[in-house]
2 protein chains.
Amino acid sequence: MSYPPQPASLSAGNAVYQLLKQQIVSLELPPGTALSEKEMSTAFQVSRTPVRESFVRLAQEGLLVVLPQRGTRVSLIDPELVEEARFMREQLERAVIRLACESFPDDKLEQLEDNLHRQHESIERHDGKEMFELDEAFHRILFEGCRKQGTWNVIQQMNAHLNRSRMLWLSLDPGWDSLARQHQEMVDAIRRKDSDYADNIMHEHLSLIISNLSVLQDRHPDYFK
Amino acid sequence: MSYPPQPASLSAGNAVYQLLKQQIVSLELPPGTALSEKEMSTAFQVSRTPVRESFVRLAQEGLLVVLPQRGTRVSLIDPELVEEARFMREQLERAVIRLACESFPDDKLEQLEDNLHRQHESIERHDGKEMFELDEAFHRILFEGCRKQGTWNVIQQMNAHLNRSRMLWLSLDPGWDSLARQHQEMVDAIRRKDSDYADNIMHEHLSLIISNLSVLQDRHPDYFK
DNA sequence: ACTACCATACTTGTATGGTAGTATGGTACT
DNA sequence: AGTACCATACTACCATACAAGTATGGTAGT
């Protein structure tokens with residue numbers, strides 16, 4: 001395995017961490033993949049120290065499983081964690097969008113509108129990956145607008161597991177149309193300050209988001225715990 | 001997936017991590033304290049490597065702030081993060097106790113009762129520290145009973161910030177009586193399967209938990225951001 | 001007195017050698 | 001053939017040395 005030279009904008013350890021995390025969540029490194037400090041250090045052209053640092057951080061997030069003196073593997077997707085992540089997001093996002101209906105800064109509302117615009121463009125181009133990122137950004141902006149940035153950051157930890165499942169789902173039918181339509185309705189509801197309606201939409205939205213986990217388990221049994 | 005028979009709690013790195021975290025949350029290492037890898041390595045009689053590992057993990061949790069080539073400090077308590085942690089716990093715990101009112105395993109209910117018993121004992125002995133731990137355990141058992149262990153674990157990350165504030169509060173009036181009474185009412189509500197009542201109690205409970213943050217800020221201005 | 005400079009003693013970041021535990025494959029023995 | 005044993009090649013873990021950036025205090029020059 002070989003990787004391009006590092007961007008080196010940040011420290012080596014940080015760069016390795018971000019690259020590894022991106023590759024794990026995007027399933028370029030599938031669940032169960034065996035890694036090793038030495039292997040990655042040669043691949044990234046750095047020493048074992050920054051690699052080890054990354055391993056520690058990723059293990060803390062549950063994306064790697066380190067077995068002392070035995071090896072390190074990309075963690076299998078735990079269906080219980082996926083459902084918990086969905087549950088967690090539902091509770092917090094429903095509460096947040098209710099806050100948004102009470103007050104929401106104009107600049108953030110513009111960001112949402114701009115995001116919606118680009119969602120439509122991505123769907124027309126059938127660009128699933130970009131739509132995925134726009135979807136994430138949309139929800140992050142919601143939290144930012146309610147000054148719940150820290151909450152969103154913590155959610156990301158669970159979200160890493162949820163997102164690996166959603167990544168699998170990309171090859172099936174992501175149903176971006178309905179999801180984007182719900183995003184639009186959320187923005188409308190925030191403008192109307194219609195808390196109950198927004199809450200309902202968000203409830204449906206986060207039920208749709210990963211409705212068919214068992215299908216994925218059947219198609220990729222070796223990826224799941 | 002199979003885990004090693006003994007989790008790496010005996011590894012030097014893990015030991016340092018747990019000790020440091022405990023000392024930070026308990027305020028034995030007050031916010032703003034300057035640390036250094038070298039200093040801690042001599043203190044713990046290990047090399048810099050495991051110490052550095054701990055620093056990386058604690059920095060990821062926001063308990064340490066690492067300034068490259070400059071130094072490392074125990075993070076100041078961020079009032080916004082404290083409020084966010086409270087907000088997050090409120091949303092999730094209200095949802096969880098509603099689940100508990102629908103179904104809750106008997107053995108976990110027994111654990112709650114046992115916990116309540118020991119809460120009363122701790123209060124009589126005026127043992128604030130133990131009461132603090134029992135309080136934490138009580139809520140953890142709630143999550144475990146609803147199979148939301150992973151959610152509780154993620155909450156802990158934000159909770160570290162909230163708990164440092166609560167630790168300051170210990171020297172004032174923690175109001176353990178009211179809190180313990182609310183715990184009792186929660187268990188009763190779960191037995192009666194009275195979701196709405198349980199929800200209300202939890203709502204009040206998590207409002208009480210850190211009602212007077214500004215008082216703490218006045219008493220310890222150097223601890224806060 | 002004031003300022004620019006610099007040696008020095010810090011700090012974190014990185015590289016590397018060595019240690020101990022583990023999986024594996026081959027071999028001698030039963 | 002089957003089994004116990006052992007050399008070997010891994011692994012993560014830890015200690016240590018070095019590199020590079022930064023704060024600090026002293027000093028020489030103005």
Side-chain angles (χ1 to χ4, degrees), chain A residues 1-21 24 29-76, chain B residues 1-21 24 29-76:
Chain A
M1 195 181 318
S2 108
Y3 292 94
Q6 59 199 18
S9 67
L10 289 172
S11 71
N14 224 310
V16 171
Y17 165 75
Q18 301 210 5
L19 271 169
L20 270 180
K21 178 162 185 176
I24 292 174
L29 290 173
T33 305
L35 304 178
S36 86
E37 297 176 358
K38 181 142 191 157
E39 173 194 355
M40 299 311 295
S41 70
T42 61
F44 284 111
Q45 300 275 37
V46 295
S47 80
R48 300 199 311 272
T49 306
V51 172
R52 181 174 170 72
E53 226 169 73
S54 313
F55 279 19
V56 168
R57 295 172 68 180
L58 292 167
Q60 179 148 339
E61 296 182 38
L63 291 178
L64 290 184
V65 176
V66 178
L67 302 93
Q69 270 70 37
R70 300 225 252 168
T72 302
R73 303 175 151 273
V74 178
S75 69
L76 298 179
Chain B
M1 175 161 318
S2 71
Y3 288 93
Q6 290 193 343
S9 67
L10 37 83
S11 84
N14 222 308
V16 171
Y17 166 75
Q18 302 212 3
L19 270 170
L20 271 180
K21 178 162 185 176
I24 292 173
L29 290 174
T33 305
L35 304 179
S36 89
E37 297 175 357
K38 178 121 184 165
E39 173 194 353
M40 299 311 296
S41 70
T42 60
F44 284 109
Q45 299 276 36
V46 294
S47 82
R48 273 185 54 208
T49 306
V51 171
R52 182 173 170 77
E53 221 169 81
S54 313
F55 277 25
V56 168
R57 295 172 67 181
L58 291 167
Q60 181 150 345
E61 297 182 39
L63 292 178
L64 290 185
V65 176
V66 177
L67 301 96
Q69 271 70 39
R70 298 173 57 138
T72 302
R73 303 177 151 271
V74 178
S75 69
L76 298 180

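We name chains A, B, ... by the order of the sequence lines, and we start the count at 1 in each one.
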Can you find a side chain N or O atom of B:Arg48 that sits less than 4.0 Å from OP1 or OP2 on D:dA15? no

Hey, does the side-chain of B:Gln69 have a donor or acceptor N/O within less than 3.5 Å of a partner on the base of C:dT12? yes

To the nearest 0.5 Å, atom CG of A:Leu63 lies from atom CZ of A:Arg57 at 12.0 Å

So does A:Gly62 get a backbone contact from the side chain of A:Ser75, meaning a donor-acceptor N/O pair under 3.5 Å? yes

Starting from C1' on D:dA12, measure out to CG on B:Asn14 and report it in whole angstrom. 13 Å

Select one nucleotide: of C:dA15, C:dG13, D:dC14, the one nearest the side-chain heavy atoms of B:Ala12. D:dC14

By the 4.0 Å heavy-atom rule, please label B:Ser36 as base, sugar-phosphate, or nothing. sugar-phosphate

Reckon A:Thr72 touches a base, only the sugar-phosphate, or nothing at all at heavy-atom distances under 4.0 Å? sugar-phosphate

Can a donor-acceptor pair be found, under 3.5 Å and without considering hydrogens, that links the side chain of B:Arg73 to the backbone of B:Gly32? yes

If we only count heavy atoms from C-beta on, is the B:Val16 to B:Met40 side-chain gap below 4.5 Å? no

Nucleotide paired to D:dT8 in any strand shown, Watson-Crick or G-U, under 3.5 Å: C:dA23

Tell me: CG of B:Leu58 to C1' of C:dT12, nearest whole Å? 16 Å

May I have the distance from B:Arg52 (atom CZ) to D:dA15 (atom P), rounded to whole angstrom? 15 Å

Closest-nucleotide mapping onto DNA chain C: is B:Thr49 or B:Leu35 further toward the 5' terminus? I mean the 5' end. B:Leu35

Calculate the interatomic distance between B:Lys38 atom NZ and D:dA19 atom C1'; express it in whole Å. 15 Å

Measure from the side chain of A:Pro68, starting at C-beta and using heavy atoms only, and say which of D:dC13, D:dA15, C:dG13 lies closest. D:dC13

Can you tell me how far P of C:dG21 sits from CG of A:Leu67, to the nearest Å? 16 Å

Measure from the side chain of B:Glu37, starting at C-beta and using heavy atoms only, and say which of C:dT12, C:dT22, C:dA15 lies closest. C:dT12

Any strand is fair game: report the nucleotide pairing with D:dG29 by Watson-Crick or G-U wobble, both distances under 3.5 Å, or none. C:dC2

d(CE, A:Met40; P, D:dA12) in whole Å: 11 Å

The side chain of A:Ser11 lies closest to which of these nucleotides: C:dT14, D:dC13, C:dT12? C:dT14

Integer-rounded Å distance: D:dT16 C1' and B:Glu53 CD: 16 Å

Rounded to whole Å, the CD-C1' distance (B:Gln45 to D:dC14) equals 15 Å

Please report the closest heavy-atom contact between A:Pro50 and A:Ala12, naming both atoms and the distance. CB-C, 4.2 Å

